[in-house]
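Since the structure comes first, as structure tokens, the remarks are kept for the end.
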There are 2 protein chains.
Amino acid sequence: MSYDILKQNLKKHVDLSTADLDLICSYFKPAGLRKKEFLLTQGSICKMEGFVLDGCFRVFTFDKKGNENTLYFAAKDWWLMDIDSFMNQTPSDLNIQALEDSKVLLIDRQDKMALYESLPIVEKLFRIIFQKGLVSWQRRLVRNHSFTSKERYFHFIQTYPDISSKLMDKQIASYLGISHEFLSKIKKNIK
Amino acid sequence: MSYDILKQNLKKHVDLSTADLDLICSYFKPAGLRKKEFLLTQGSICKMEGFVLDGCFRVFTFDKKGNENTLYFAAKDWWLMDIDSFMNQTPSDLNIQALEDSKVLLIDRQDKMALYESLPIVEKLFRIIFQKGLVSWQRRLVRNHSFTSKERYFHFIQTYPDISSKLMDKQIASYLGISHEFLSKIKKNIK
DNA sequence: CAAAAAAGTTGAACAAGTTCAACTGGGGAA
DNA sequence: TTCCCCAGTTGAACTTGTTCAACTTTTTTG
């Protein structure tokens, strides 16, 4: 059953009974997206929070100069959301696009709120998920400041081999914060 | 009373009764730090989570090359912690140092856990605090990628005028991820 | 399959940022 | 007050990364 991946993910963070897991899952609806389809576009309000069952997504934003800036990629077993837009129902700064045909589980804002209300342990669950997320973002910032582009590139492909192998160099470059031409030169330099 | 600042901070995130606020506060113990004193040093285990009542702190790390890298500054009304080390009781990567004589409220790990247990709304409270924190870290990453150093400098001093005015340029440079010499050149260029 | 579009490569000129070293100036400690 | 230390400034040489444009290769689509 497709909910198993979600259940396994949740159990990594807190200890949940089978009944709790089933209740949580009951709020999530499966959905499919075709390659290049958007789950969210910049300027619109984020209606859904997602969990990836299969496929791969890219979360990115266009800055004032029109350059794409990739925040992160989400493959199987990753969460997918614009927290800010989802919680405050404000226009999103982010685009979320499927990089290949993908399957997700989605929960809308009302159901998420209902879930928080009906099952207090869900607050703990997401407290821990966000806590871990915050740590990763802090670490990424330190890497961005202390690693060279080359080091950041290697760190990325070594840490996420399954994700990075699916990506175009252009997308990796925008995640690393460098031009795709320069990434090409980095790769040439290695050989 | 010194706990008022903490109470006001907590109420910004969730609606809390007076009794709840008092209970939460009862877990926090006041402490003072002298200028240059450390609340945490890299390699040791983070025993305390803090909330700043007065003064200012710098949270930074030494990378492999020996360069200082500032994650953030915390002045009055800011939270102060190494989440990872505090939660998992693993050696910290971070240093937390008072930039001036400061006052904080501290809670240790056992009490934090007890607080989560005894008052479920605290889970919600920190779920929201971490959620907001995560959004700020995402935004900072995007700024680091899409802004020039000059733009990042202006954004920082305009967004945090009260904090940045207390800081040495060296510290601002390490927060921005540039050398202090280059920051000096940026400032010269403006005049 | 052929044509078109998009991704990747390369080079040259340029801009951004670092490093090192020398100098300036102010604040704290004895 | 004097000395010293440390923050900040400046210049020169260097490294890293960008931009633009031309080209090749791969992928998509009719």
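These values consider heavy atoms only, across backbone and side chains, with no hydrogens, waters or symmetry-generated copies. Below, chains carry the letters A, B, ... as their sequence lines are ordered, and counting in each starts from 1.
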* Using whole Å, report how far NE2 of His145(A) lies from P of dT18(C). => 10 Å
* To do: Figure out the CZ/P separation between Phe147(B) and dT18(D), and round it to whole Å.
  => 17 Å
* Asked: So what does Ser149(B) touch, heavy atoms closer than 4.0 Å: a base, only the sugar-phosphate, or nothing?
  -> sugar-phosphate
* To do: Test Phe126(B) against Trp79(B) for ring-ring contact (aromatic ring centres under 6.0 Å, His included), laying out the working first.
  => CA-CA 11 Å; Phe126(B) 280 92; Trp79(B) 290 91; 5.4 Å; yes
* Nearest-neighbour nucleotide for the Ser184(B) side chain, dT10(D), dG8(C), dA7(D) considered -> dT10(D)
* Which one, dG11(C), dG17(C), dG8(D), comes nearest to the side chain of Met168(B)? -> dG8(D)
* Asked: Lys170(B) side chain N/O closer than 4.0 Å to the phosphate oxygens (OP1, OP2) of dA7(D)?
  -> yes
* Can you tell me how far C1' of dC20(C) sits from CZ of Phe182(B), to the nearest Å? -> 17 Å
* Glu181(A), nearest nucleotide to its side chain (from dT18(C), dT19(D), dT9(D)) -> dT19(D)
* Strictly by modelled atom types, are Gln171(A) and Thr70(A) linked by a side-chain donor-acceptor pair under 3.5 Å? -> no
* Is there a side-chain contact between Lys112(B) and Phe86(B) (heavy atoms, below 4.5 Å)? -> yes
* Nucleotide dG26(C), atom P - distance to CG of Asp169(B) in whole Å -> 15 Å
* To do: Apply the ring pair (Phe, Tyr, Trp, His ring centres under 6.0 Å) test between Phe73(B) and each candidate in Tyr175(B), Phe60(B), Phe57(B); give the one that qualifies.
  => Tyr175(B)
* Asked: Pick from Asp63(A), Asp82(A), Asp84(A): which one makes a salt bridge (Lys or Arg N to Asp or Glu O under 4.0 Å) with Arg139(B)?
  -> Asp84(A)
* Asked: Side chain of Lys65(B), base of dT19(C): donor and acceptor closer than 3.5 Å?
  -> no
* In whole angstrom, what separates Ile178(B)'s CD1 from dT16(D)'s C1'? -> 15 Å
* **Lys187(A) side chain near dA7(C) phosphate (N/O to OP1/OP2, under 4.0 Å)** => no
* Contact class for Lys35(A) (heavy atom, under 4.0 Å): base, sugar-phosphate, or nothing? -> sugar-phosphate
* Structure fact -> His180(A) has its side chain closest, among dT9(D), dT9(C), dT10(D), to dT9(C)
* **Nearest-nucleotide pick for Lys185(A), side chain only, options being dG11(D), dG17(C), dG11(C)** => dG11(C)
